[in-house]
**Student:** 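Here's a structure for you.
Each chain gets a letter, A, B and so on, in the order its sequence line appears, and its residues count up from 1.
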Amino acid sequence: MEGRVQFDLLQVLLRDYKLRSYTLNAVSFHFLQEQKEDVQHSIITDLQNGNEQTRRRLAVYCLKDLMCVINYMEMARVTGVPLTYLLSRGQQIKVVSQLLRQVLQSSHCHAGFSSLYPSIMMAHNLCYTTLLQRGSAEKLGLSSEDFIKTPTGDMFVKSSVRKGLLPEILENLLSARKRAKTELKKETDPFKKQVLDGRQLALKISANSVYGFTGAQVGKLPCLEISQSVTGFGRQMIEKTKQLVESKYTIANGYEADAKVIYGDTDSVMVKLGVATVREAMDIGREAAEWVSSHFTQPIKLEFEKVYFPYLLINKKRYAGLYFSSSADTHDKMDCKGIETVRRDNCPLVANLINTCLQKILIDRDPQGAVDHAKEVISDLLCNRIDISQLVITKELTRTAQEYAGKQAHVELAERMRKRDAGSAPNLGDRVPYVIIKAAKGAAAYMKSEDPIYVLENNIPIDTQYYLDQQLAKPLLRIFEPILGETKAESILLKGDHTRCKTVLTSKVGGLMAFAQKRSTCIGCKAVLKTDVAVCDFCKKKESNFTRRRFST
DNA sequence: CGCTTGACCTAG
DNA sequence: TGAGCTAGGTCAAGCG
């Protein structure tokens, strides 16, 4: 349609939000805190013609739509691609578009580091247009002052010889981000703040994508000399940062303790300073960041970001801690990275229990309370007192059944559901919700996965022992072992009376509604249809002829 | 039972 | 056709 843009909110949601489920019910519950039965396009008219309350609800709904449109418009403006590309295409097209524009505009003829990779590319002028072929430095008569050699041995001319296109593009993206961040600071409306935060984050991702673009071997313009030089510089810089910090902040130099870099990932270092208070850590952190920055080329900047206190480091890319940054007196949040609480492939029972235990340990400083709570939940689980919605695991169907090498719970279930009712079975790209049911001893998990709604409708017993042994046990031990010790953690949490209770109880349907995909059957031709279609795809009968089915079976 | 591989999802 | 990147943890399946 000439002059009109189609903007599908489902695509926006899939791109911008990591949810456990993307059914209309789940999404409306997540954003509006209410489940809307039978929401159809026609309801919009009713809301408009209703009272103040219903119009308000409609307005809130529209506002959310509008704000994401604004963000996408900003992105389209900065990158120079049509709005629809932002939903229908990937990151490469954005970089290509900016490259073409930059070529036309310029005179070319043919505590963590903030935005580390982009600033490396800017600082060292890394670009297609500044790369020197092997041996061409001599041919062109360049002096050693005119170019640099990267950690991979590749050579690039300095900006004094020729300024690269990529560094210019990155400057544009990052200055747009800076604008968004300044506006964010001034803004008081919490909703608009969220929008501006989304914008600055999107611009950051676009800036980081420039590095990804140069390394995309199946892409438009790969240049491994650039991408590998960038990561090489990055590793070198983290190592240098560690050496700088550990050499200056020592007892010998008059500090309270010898500083130790205990963790770092790609563009950040975590330093144990050995001071007693958050305030002291912040002060030293700020000073150290500035001092380290002075050892690097512009615009590379190491920024003090936060203090964690206490800090539970489980593994690389997995940790939790109380996050202090705006104030030394009160923590901003409990920050969890990589652990079960933030992973969508865990059931809510695990995520919630780990989260509560961490709160009790880190915030309340009450490990005993955490242990007691965990034991209680385990006992509830084994006695069937946990609602089935807490036991639903979801995993994405990332490929077709034939493409999978081995058997997996969600894949096998999707196939079984297809045999029951092809219309309502999960498709490629869908997230498959499932629970693990009781079966013959020794049966593999992929044989015991079942559709939660089917389980409720047919009163099938859940394998609660599976949830204890395969879902809860290890995550619990991982957070309790550092506190209780290996042997104690296991004997206290996983043995004892609370693991022996076994009774039978029924489950409620309520919590499962979010996973229900509503379907209708057409009276005319018996076809199975989504409830939100107005006319049967097959016999063209109108919606009034559909019989609604609450659950697909 | 221990090891490898494949799959998923996250950190950055 | 068109698809940003790499690193890494965890788990289940599958093998010897």
**Student:** Write down the distance between CZ (A:Arg318) and C1' (C:dC11), rounded to a whole number of angstrom.
**Tutor:**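 Atom-to-atom, A:Arg318 to C:dC11, this comes out as 11 Å.
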**Student:** Between A:Tyr319 and B:dG12, does any side-chain N or O lie under 4.0 Å from OP1 or OP2?
**Tutor:**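 Yes, A:Tyr319 has a side-chain N/O under 4.0 Å of OP1/OP2 on B:dG12.
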**Student:** Give a yes/no on whether any side-chain N or O of A:Lys18 is located under 4.0 angstrom from OP1 or OP2 of B:dT10.
**Tutor:**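 Yes, because at least one side-chain N or O of A:Lys18 sits under 4.0 Å from OP1 or OP2 of B:dT10.
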**Student:** What integer distance in Å separates A:Tyr211:OH from C:dT6:P?
**Tutor:**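 Interatomic distance, OH of A:Tyr211 to P of C:dT6: 6 Å.
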**Student:** So what does A:Tyr117 hit on the nucleic acid, given a heavy-atom distance under 4.0 Å: a base, only sugar-phosphate, or nothing?
**Tutor:**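 No contact.
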**Student:** To the side chain of A:Ala405, which of B:dG6, C:dA3, B:dC9 is closest?
**Tutor:**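 Of the candidates, B:dG6 comes closest.
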**Student:** Regarding A:Thr79 and A:Tyr85, is there a side-chain donor-to-acceptor distance under 3.5 Å anywhere?
**Tutor:**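 Result is no, nothing qualifies.
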**Student:** So, is A:Thr231 near the phosphate of C:dT6, with a side-chain N or O under 4.0 Å from OP1 or OP2?
**Tutor:**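 Indeed not, no polar side-chain atom of A:Thr231 lies that close.
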**Student:** Is any side-chain N of the basic residue among A:Lys301 and A:Glu290 closer than 4.0 Å to the acidic one's carboxylate O?
**Tutor:**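 No, A:Lys301 and A:Glu290 are not salt-bridged.
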**Student:** Below 4.0 angstrom from OP1 or OP2 of C:dG9, is there any side-chain N or O of A:Arg478?
**Tutor:**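 Indeed not, no polar side-chain atom of A:Arg478 lies that close.
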**Student:** Could you tell me whether A:Arg418 and A:Glu415 make a salt bridge, using a distance below 4.0 angstrom between a side-chain N and a carboxylate O?
**Tutor:**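 Looking at A:Arg418 and A:Glu415, the cut-off is met.
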**Student:** May I ask you to decide whether A:Glu168 forms a salt bridge with A:Arg101, counting only side-chain N to carboxylate O separations under 4.0 Å?
**Tutor:**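 No, A:Glu168 and A:Arg101 are not salt-bridged.
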**Student:** Can you tell me which nucleotide in B:dC8, C:dA12, C:dA3 comes closest to the side chain of A:Thr398?
**Tutor:**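 In terms of side-chain proximity for A:Thr398, the closest of B:dC8, C:dA12, C:dA3 is B:dC8.
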**Student:** Quick one: is A:Arg399 getting a side-chain N or O under 4.0 Å of the B:dA7 phosphate, OP1 or OP2?
**Tutor:**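 Result: yes.
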**Student:** Is A:Gln91 near enough to C:dC5 that one of its side-chain N or O atoms lies under 4.0 angstrom from OP1 or OP2?
**Tutor:**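 The answer is no; no side-chain N or O of A:Gln91 sits under 4.0 Å from OP1 or OP2.
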**Student:** Given C:dG4, C:dG14, B:dG12, which nucleotide is nearest the side-chain atoms of A:Ser209?
**Tutor:**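 Of C:dG4, C:dG14, B:dG12, C:dG4 is nearest to the side chain of A:Ser209.
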**Student:** What nucleotide among C:dG8, B:dA7, C:dA13 has an atom nearest to a side-chain atom of A:Gln408?
**Tutor:**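 Among the listed nucleotides, the one closest to the side chain of A:Gln408 is B:dA7.
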**Student:** What is the distance, rounded to the nearest whole Å, between atom CE of A:Met447 and atom P of C:dA13?
**Tutor:**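 Going from CE in A:Met447 over to P in C:dA13 covers 8 Å.
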**Student:** Could you check which of C:dA13, C:dT10, B:dG12 has an atom nearest any side-chain atom of A:Ala444?
**Tutor:**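 In terms of side-chain proximity for A:Ala444, the closest of C:dA13, C:dT10, B:dG12 is C:dA13.
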**Student:** Have a look at A:Ser449 and tell me which of A:Glu412, A:Gln408, A:Lys395, A:Arg416 forms a side chain to side chain donor-acceptor pair (under 3.5 Å) with it.
**Tutor:**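 So the option named by the test is A:Arg416.
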**Student:** Please state whether the phosphate of B:dT10, meaning OP1 or OP2, lies under 4.0 angstrom from any side-chain nitrogen or oxygen of A:Lys317.
**Tutor:**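 False: A:Lys317 side-chain N/O out of range (4.0 Å or more) of B:dT10 OP1/OP2.
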**Student:** Roughly how many Å is it from CG in A:Asp430 to C1' in B:dC8, rounded to a whole number?
**Tutor:**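 Taking atom C1' of B:dC8 as the reference, CG of A:Asp430 is at 16 Å.
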**Student:** For B:dA11, take OP1 and OP2 only and decide whether either is under 4.0 Å from a side-chain N or O of A:Tyr263.
**Tutor:**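 Checking B:dA11 against A:Tyr263, no side-chain N or O comes under 4.0 Å of OP1 or OP2.
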**Student:** Would you please confirm or rule out a distance under 4.0 Å between OP1 or OP2 of C:dC5 and any side-chain N or O of A:Asn208?
**Tutor:**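 No, outside the criterion.
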**Student:** Looking only at side-chain N and O atoms, does A:Arg431 come under 4.0 Å of OP1 or OP2 in B:dC9?
**Tutor:**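 True: A:Arg431 side-chain N/O within range (under 4.0 Å) of B:dC9 OP1/OP2.
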**Student:** If only side-chain N and O atoms of A:His410 are considered, is one of them under 4.0 Å from the OP1 or OP2 phosphate oxygen of B:dA7?
**Tutor:**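 For A:His410, the contact criterion (side-chain N or O under 4.0 Å from OP1 or OP2 of B:dA7) is not met.
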**Student:** I want to verify a distance call: between C:dA3, B:dG12, B:dT10, whose nearest atom is closest to the A:Asp267 side chain?
**Tutor:**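 My answer, after comparing the listed nucleotides, is B:dG12.
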**Student:** Starting from P on B:dA11, measure out to CZ on A:Arg344 and report it in whole angstrom.
**Tutor:**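 Going from CZ in A:Arg344 over to P in B:dA11 covers 11 Å.
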**Student:** Which whole number of Å gives the distance between the P atom of B:dG12 and that of C:dG4?
**Tutor:**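 Here B:dG12 and C:dG4 have their P atoms 22 Å from each other.
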**Student:** Please determine if A:Arg134 and A:Asp154 form a salt bridge, counting it only when a charged side-chain N lies under 4.0 Å from a carboxylate O.
**Tutor:**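 Looking at A:Arg134 and A:Asp154, the cut-off is met.
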**Student:** Is A:Arg420 salt-bridged to A:Glu450, cutoff N-O under 4.0 Å?
**Tutor:**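 Looking at A:Glu450 together with A:Arg420, the answer is yes, because their closest N to O distance falls below 4.0 Å.
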**Student:** If you check every side-chain atom of A:Lys337, which of C:dG14, B:dG12, C:dG2 has the closest atom?
**Tutor:**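 Closest of the options to the side chain of A:Lys337: B:dG12.
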**Student:** In whole Å, I'd like the distance from the NZ atom of A:Lys474 to the C1' atom of C:dC11.
**Tutor:**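 To the nearest whole Å, that distance equals 8 Å.
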**Student:** Which part of the nucleic acid, if any, lies within contact of A:Val342, taking any heavy atom under 4.0 Å across all strands shown: a base, the sugar-phosphate backbone alone, or nothing?
**Tutor:**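 The residue A:Val342 makes sugar-phosphate contact but no base contact.
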**Student:** Grab the CG-P distance between A:Leu313 and C:dG8 for me, whole Å please.
**Tutor:**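 Between P of C:dG8 and CG of A:Leu313: 14 Å.
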**Student:** Would you mind classifying the nucleic acid contact of A:Phe113 as base, sugar-phosphate or nothing, using non-hydrogen atoms under 4.0 angstrom?
**Tutor:**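 The answer is nothing, as A:Phe113 stays clear of every strand by at least 4.0 Å.
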**Student:** Which nucleotide in the list B:dG12, C:dA3, C:dA12 gets nearest to the side chain of A:Val218?
**Tutor:**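 Output: C:dA3.
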**Student:** Would you indicate which nucleotide in C:dA13, C:dG8, C:dG4 comes nearest to any side-chain atom of A:Lys407?
**Tutor:**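 Between C:dA13, C:dG8, C:dG4, the one nearest the side chain of A:Lys407 would be C:dA13.
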**Student:** A:Leu173 CG to C:dG4 P: how many Å, rounded?
**Tutor:**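 Interatomic distance, CG of A:Leu173 to P of C:dG4: 16 Å.
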